[in-house]
K.L.:
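Handing you a structure now.
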Amino acid sequence: MRHDFKNIEEKWQKKWEDEGIFHAEDNSDKKKFFALVEFPYPSGAGMHVGHVKAYSGLEVISRKRRMEGYNVLFPLGFDAFGLPTENYAIKTGIHPRKVTDMNIAKFTSQMKRVGFSFDWTRTVDTTDENYYKWTQWIFLKMFENGLVFRDKTLVNYCPSCKVVLSNEDSQGGKCDICHSDIVQRSKDVWYLRITEYADKLLEGLEDVDYLPNVKTQQVNWIGKSRGAFVNFDVDGADEKLRIYTTRPDTLFGVTFMVLAPEHPILDTYKDKITNFAEVEAYRELCGKKTEFERTQLVKDKTGVKIEGLSGINPVNGKNIPIYISDYVMMGYGTGAIMAVPAHDERDYDFAKKFGIDIIEVIKGGNIEEAAYTGDGEMVNSDFLNGYDNKRDSIDKMIEVLAERGIGEAGVQYKMKDWAFNRQRYWGEPIPIVHCEHCGMVPLPYEELPLRLPEIENFEPGEGGESPLAKIDSYVNCKCPKCGADAKRETDTMPQWAGSSWYFLRYIDPNNDTCLADPEKLKYWMPVDWYNGGMEHVTRHLIYSRFWHRFLYDIGEVPVKEPYAKRTAQGLILGPDGEKMSKSKGNVVDPNDVVDAYGADVLRMYILFMGDYGAAAPWSENGVKGCKRFLERVSALTDMVKGGEADAELDSLLHKTIKKVTGDIEEMKFNTAIAAMMALVNKIYEVGSLTQDRLSAFVRLICPFAPHLAEEMWETIGGAGFASLAAWPEYDEAKCVDSTVEIAVQICGKLRATVMIAADATAETAIAAAKANDKVAQALEGKKIIKEIYVPGRIVNIVAK
RNA sequence: GCGGGCGUGGCGGAAUUGGCAGACGCGCCAGACUUAGGAUCUGGUAUCUUUGAUGUGAAGGUUCAAGUCCUUUCGCCCGCACCA
């Protein structure tokens, strides 16, 4: 019997929806399970196979949890603000609102066809004014708590998208949206003070169950380092030059200093700098380099010596030259460094090029040839001589120096404050008014949401200003504080704003008096399991942990960390093993697979193709294999017979239930499916099975192939929905074989296998092994030195 | 450069964490049923000089026993990257 997947899939999807069987209950005594997947950006291209893989993991786990009796919240929404929609609107003239609605409708119907068990009654849309009202509300709360500021600094700017980007959005010097080169521009922009939460974000990682590499990546991104700030007197200036170093132990090796080209002290003392023209020329040269070029590690250092100013080394009073060079960044530390060429590779390269002294202060290397960055005994260091920077910690060094009034302990982070704005239309308006008298004034909470105005032209301004700046009726307003004429902020929030708290809104999606009801938050939070892509680890995952921790600090949410557990799925590669892309023409459309093979086959194949966390190439033949398997499964209803169950088959069934139950929890879906395939092969070999064995199998496969499972469940007269039936249990006793086949090795080489009782003693096992012909033959004339029996596994006899 | 990971048949991948390497699937080979097979079913399928030997990128080592642990080395992928 061939099953008609099109009809049965439509039939069950409709029944599930009509009866609302996947709706999470709000006031329940049941144990809760909150499963979260990263909500999609509803692009015009529709659903991608990557979406299916990203959601299928927790889909299976959520379905299993429901069958285990949990109250499951497994929602999906749409992260719909963003540039692609806006660019499409610019190109076609269709309003972003319309484009978004169309795309959401398309995505929703495609998701439903896959049979995902999302609770569609809790969908959120970040572009809905009832949603972004609360995004704005959180922004104002941050403003109120001093976490929002405006600063004119060098920012990452994408000339193609005409927007300012955060550090997270310009990794590798490329725009995260269009991949063109980022340039540095001086601009007045909004920042969120995420650095204030750096330590809290680090500490929070200790209490959560994240994949180890997710944790390490976040730790590295935050990049906390401990060191010391040291002030150097400047000959020729009446202010001190402050530097940050993680190696205060090498202070006696300092032979020069380097400033970032943008360092403000240069402008303050430009009259004293006799070669200021040269300095200006070098600055101009650096300005032309992109941030990416500038951060490339290059052996060939460039720089200019500052004539007229020199530094004084605080430990020995020596006069040392000051240089500017672009290998020092204004954005990290103080924008100035003490250079120790003997023990730092970059300083070494610079000193070699400019002919500066190299003084060894740590023994262990050969400074004639290269910088020595290792540990060792300290020399040429006056009062520090005899210390060993391996034995004595950096903290000890800082202490010794501080006693002499040199430097103080300090901490630095690689993470920078979050540039929080886009000069575009399709984003949350920033609810701030600029008033001549009162400065930056937040909109009163009761005036939220601040709606996006209806406009015709979405094109951003040439000078990088928001299209909203052209709308006078929007810009001109009254100051909420003094009532005078004022101007509204025209920047909008970046893409990541709406996604920084969306999981909270699923809990209470229609609440219009607060983010979400505190009682409901208490029941549902934290998210029990969050699955998503590795690409979000240093963006969304950091941002949303920051927002959530802030909301905790102001008492809006009941738990510190939003996500108790975080896993990640691997990419699906094209059939050629390359990353799928339109230009390579290797994209597989999941909708075609659903059309040709059905949703169950698609789901099954995506989970079977390999390790869930690893990348794996698509294979059309692999899809066919899964189709074949499901055909064989569907025919099982014809094989039901009464009478006694086959004992061997029964045992395998219980082992399979145990295996699948455990594998799902570890996201080892591929081996779970392999075990079910092996079971089906065995059933075919036996030729029949009993009704209750089939019932158990149908429930077992239900999370993977739910439509087929429902159909079979109905055929065999199961009550209600298979999706809500009890998860099959296994009998531990039946998972243990009474007799086992064990391997017999002689000197580590396999010679035979023998059947013995599972609970056999070492003596009987070894005796049984020796009784084997081949073993006896191999042992003939040899002296037995050692006999090993590993229960249920192996006998190894060592003989000479 | 730093951090993380990986390397197993023709292919995707398994291996109870030190205990019979290659589960399961694909592909391939043979057979059955067929007018037909790119459908279905059954059997086979690591390699070789096949009573045996050799095999998990390479070379050493620990062990009764190594894909798994240690050392060295080669190659690939991902993240960060002149972070002072």
Side-chain angles (χ1 to χ4, degrees), chain A residues 2 171-173 211-217 219-221 223-225 227 243-247 250 258 260 292 294-299 301 325-329 331-340 344-347 349-350 373 412-416 534-535 537-538 570-571 573 577 605 608-611 613-626 628-629 631-632 635 659 662 668 670-681 684-685 741-753 774 777 785-799:
Chain A
R2 260 185 104 145
Q171 300 184 27
L211 287 179
N213 54 337
V214 171
K215 273 192 193 183
T216 354
Q217 261 191 50
V219 169
N220 291 345
W221 184 256
K224 182 174 183 170
S225 88
I243 61 97
Y244 175 73
T245 179
T246 54
R247 295 294 305 273
T250 60
V258 188
F292 187 62
R294 220 181 125 171
T295 55
Q296 287 305 288
L297 194 127
V298 277
K299 281 277 170 195
K301 297 280 185 286
S325 173
D326 63 357
Y327 84 88
V328 174
M329 308 291 146
Y332 184 80
T334 62
I337 62 158
M338 62 177 219
V340 187
D344 181 285
E345 282 174 31
R346 296 150 301 170
D347 298 346
D349 295 338
F350 193 90
T373 54
Q412 282 292 301
Y413 302 93
K414 287 187 200 174
M415 186 169 71
K416 293 180 190 166
M534 285 306 292
E535 70 276 16
V537 169
T538 53
L571 285 178
L573 305 172
Y605 174 64
F608 181 62
M609 60 196 296
D611 181 345
W618 185 268
S619 154
E620 180 81 17
N621 281 326
V623 178
K624 285 182 189 160
C626 287
R628 232 169 269 164
F629 170 58
E631 298 275 4
R632 277 159 72 82
K659 170 91 178 141
K668 290 165 80 173
N670 53 339
T671 50
I673 293 168
M676 289 190 283
M677 286 173 167
L679 176 65
V680 170
N681 290 346
Y684 271 75
E685 194 189 307
E741 189 191 54
I742 60 160
V744 182
Q745 294 183 337
I746 310 235
C747 298
K749 299 230 183 271
L750 182 69
R751 290 298 164 200
T753 57
K774 280 186 182 169
Q777 211 176 10
I785 296 166
K786 199 171 182 182
E787 295 170 331
I788 294 140
Y789 174 56
V790 181
R793 307 242 174 271
I794 205 161
V795 166
N796 192 7
I797 300 170
V798 187

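Predicted model, so just to flag it, every value in this text is computed and none were measured. Just so it is clear: chains get the letters A, B, ... in the order the sequence lines come, proteins before strands, and each one is counted from 1.
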K.L.:
State which residues pass side chain to side chain contact (heavy atoms under 4.5 Å, CB included) with A:Met534; sequence neighbours excluded, sorted by chain then number.
P.N.:
A:Asn213, A:Val214, A:Gln217, A:Val537, A:Ala568

K.L.:
Classify every nucleotide of nucleotides 14-22 of chain B by which part a protein heavy atom approaches to under 4.0 Å, writing B for the base, S for the sugar-phosphate alone and - for neither, in 5'-to-3' order.
P.N.:
SSB--BB--

K.L.:
With A:Gln412, which residues qualify under side chain to side chain donor-acceptor pair (under 3.5 Å), at least two apart?
P.N.:
none

K.L.:
Under the rule for salt bridge (Lys or Arg N to Asp or Glu O under 4.0 Å), what residues qualify as partners of A:Lys659, not counting sequence neighbours?
P.N.:
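Salt bridge (Lys or Arg N to Asp or Glu O under 4.0 Å) list for A:Lys659, sorted by chain: A:Asp663.
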
K.L.:
Would you please name every residue forming a salt bridge (Lys or Arg N to Asp or Glu O under 4.0 Å) with A:Arg751, sequence neighbours left out?
P.N.:
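So A:Arg751 forms no salt bridge (Lys or Arg N to Asp or Glu O under 4.0 Å) with any residue.
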
K.L.:
Does anything in residues 617-625 of chain A come within less than 4.0 Å of RNA chain B? Heavy atoms only, and list the residues if so.
P.N.:
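Residues of residues 617-625 of chain A under 4.0 Å from RNA chain B: A:Pro617, A:Asn621, A:Gly625.
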
K.L.:
What residues, two or more places apart in sequence or in another chain, satisfy salt bridge (Lys or Arg N to Asp or Glu O under 4.0 Å) together with A:Lys224?
P.N.:
A:Asp199

K.L.:
Dot-bracket for RNA chain B, 5' to 3', counting Watson-Crick or G-U wobble pairs under 3.5 Å, with [ ] for crossing pairs and | for inter-strand pairs?
P.N.:
(((((((..(((......[....)))((((((.......))))))(((...)))..(((((..]....))))))))))))....

K.L.:
Show each protein N/O and nucleotides 50-56 of chain B N/O combination with a separation under 3.5 Å, one pair to a line.
P.N.:
none

K.L.:
Who are the side chain to side chain donor-acceptor pair (under 3.5 Å) partners of A:Arg632, not counting sequence neighbours?
P.N.:
A:Asn681

K.L.:
What pairs with A:Ser225 under side chain to side chain donor-acceptor pair (under 3.5 Å), at least two apart in sequence or on another chain?
P.N.:
A:Tyr244, A:Tyr332

K.L.:
Once side chain to side chain donor-acceptor pair (under 3.5 Å) is applied, do any residues pair with A:Thr538, and if so which ones, sequence neighbours excluded?
P.N.:
A:Gln171

